[in-house]
Amino acid sequence: MSRVLIVGAGLTGSLCACLLRRELQNKVQIVVWDKARGSGGRMSTSRPPNPSSHSADLGAQYITATPAYAQSHHSFYSELLSSGVLQPFHGLIEGLRQKDDSKNYMTPLGMCSVVKHFLSESGAELFFEHHVTGLYRRGASWEVQRKAGSSETFDAVVLTMPVPQILQLQGDVGQLLSVQQRQQLDGVVYSSRFAVALFFPPDIVFSFPWVARYVTDNPCVCYVAVDSRKRNTGQSAHLCPGLGPSLVVHTSVPFGLEHLERDKEDIQPIILQELHKLLPDLPQPISIKCQKWRYSQVLTSVPDCPGQMTILDRPLLVCGGDAFSHSNFDGCVESALSVLSVLKASL
């Protein structure tokens, strides 16, 4: 039985694990490592320190399906809709510039529920706080080293973390990259941003009508959303009665770039100050959480968006993720499908 390691428990990694299980059933042992304390990657949902408030999506906010992808990825959308993980997004999004025929979907249980769905379908062995530091070729297999703990051996490795983290790996990856591959990976550019979640007590009711709002005239804030409203459209309102609302703020790309090397503790007051200019009547939250996304969205992906990059055929080492397609749900699906075809041919 082949042992396959997938590094990264975000959307691409979880989809790879799920598709691999469905294709190869019990012929493969699937192991997923992530350096974080939980799954989701950039589709992360934060629980409030105080259980009387709603959770909040600090990364991806909702899923938009273009007509073309709604058709080509129909099986993924229908699976998530029929299992209740996705629901149509009906709330008002102020300032949204979107083509009329695209459809928006929200997640009643938070964006991380999409990743958790695919991970649970995969039956993979899941390990958190496993930070991969090096890859060493050992004959027909890979020895994978991590920050704390012993190294392990796998027949194939799939890397789905951001490209700069792939290039930082110790061991044999650097020598195995061709000149062209190295150039392509060096050319990948990410946007960076800060996100802040504000958690409120149950008696708070916001007076504004929108669920989310895109802001164009602020040097810092580009997006604000009431996470609790975003999820409670229609039939999911009964899921969590009596919980206080949560508000999510995203900074603009220029602001994120300008302050990237500063601590999030220093940046949080600036963001809150700008938020209060936009919403002067905002009440006092119970708690606040700030997150720095060094790798938020891919601005420049690998040319021609191949979905994956195979660094070595035997033993297989393949890279996937939105850097090889584009930064949204469908980009990750495209990448996972490309990685799957490489894995099937190799295993």
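We number each residue from 1, following the sequence as shown.
As a member of the Ile/Leu/Val/Met/Phe/Trp/Tyr network built from side-chain separations under 4.5 Å, Leu58 groups with Trp293.
Between Ala65 and Ala70, the shortest heavy-atom distance links the atoms CB-CB, 4.3 Å. Across Gln87 and Gly84, no two heavy atoms sit closer than the pair NE2-O, 4.4 Å. Residue Ile271 comes nearest to Thr251 through the heavy atom pair CD1-CG2, 3.6 Å, listed as atom of the first residue, atom of the second, then distance. When all heavy atoms are compared, the tightest approach of Gln284 to Phe200 is O-CD2, 3.8 Å. The nearest pair of heavy atoms linking Ala56 to Ala197 is CB-CB, 3.8 Å. Heavy atoms only, all atoms of each residue included: Met1 and Asn26 are closest at CE-O, 3.2 Å.
Here the rule is ring pair (Phe, Tyr, Trp, His ring centres under 6.0 Å) with Phe154, and of Trp33, Tyr136, Trp142 only Trp33 fits it. Applying side chain to side chain contact (heavy atoms under 4.5 Å, CB included) to Leu135 and the options Leu159, Leu5, Val7 leaves one that passes, Leu159.
Aromatic pair Tyr105/His73: ring centres not closer than 6.0 Å. Under the 6.0 Å cut-off for aromatic ring centres, Tyr69 and Phe76 do not qualify, their centroids lying 6.0 Å or more apart.
Under the side chain to side chain contact (heavy atoms under 4.5 Å, CB included) criterion, Gln98 pairs with Thr64, Leu96, Ser102, Asn104, sequence neighbours left out. Considering only residues two or more places apart in sequence or on other chains, Gln297 meets the side chain to side chain contact (heavy atoms under 4.5 Å, CB included) condition with Ser191, Arg193, Ser327. Lys344 is linked by a salt bridge (Lys or Arg N to Asp or Glu O under 4.0 Å) to Glu23, counting only residues two or more places apart in sequence or in another chain. For Arg42, the salt bridge (Lys or Arg N to Asp or Glu O under 4.0 Å) test picks out Asp322, with sequence neighbours left out. The salt bridge (Lys or Arg N to Asp or Glu O under 4.0 Å) check on Arg138 picks up Glu143, with sequence neighbours excluded.
Taking the six-membered ring for Trp and thresholds of 30 and 60 degrees, Phe89 and Tyr62 have ring planes more than 60 degrees apart, a perpendicular arrangement.
Electrostatic pairing of Arg294 and Glu261 counts as a salt bridge here, judged by a charged N lying under 4.0 Å from a carboxylate O.
Counting only distance, with no hydrogens or angles, the side chain of Ser83 and the backbone of Glu79 share a donor-acceptor pair below 3.5 Å.
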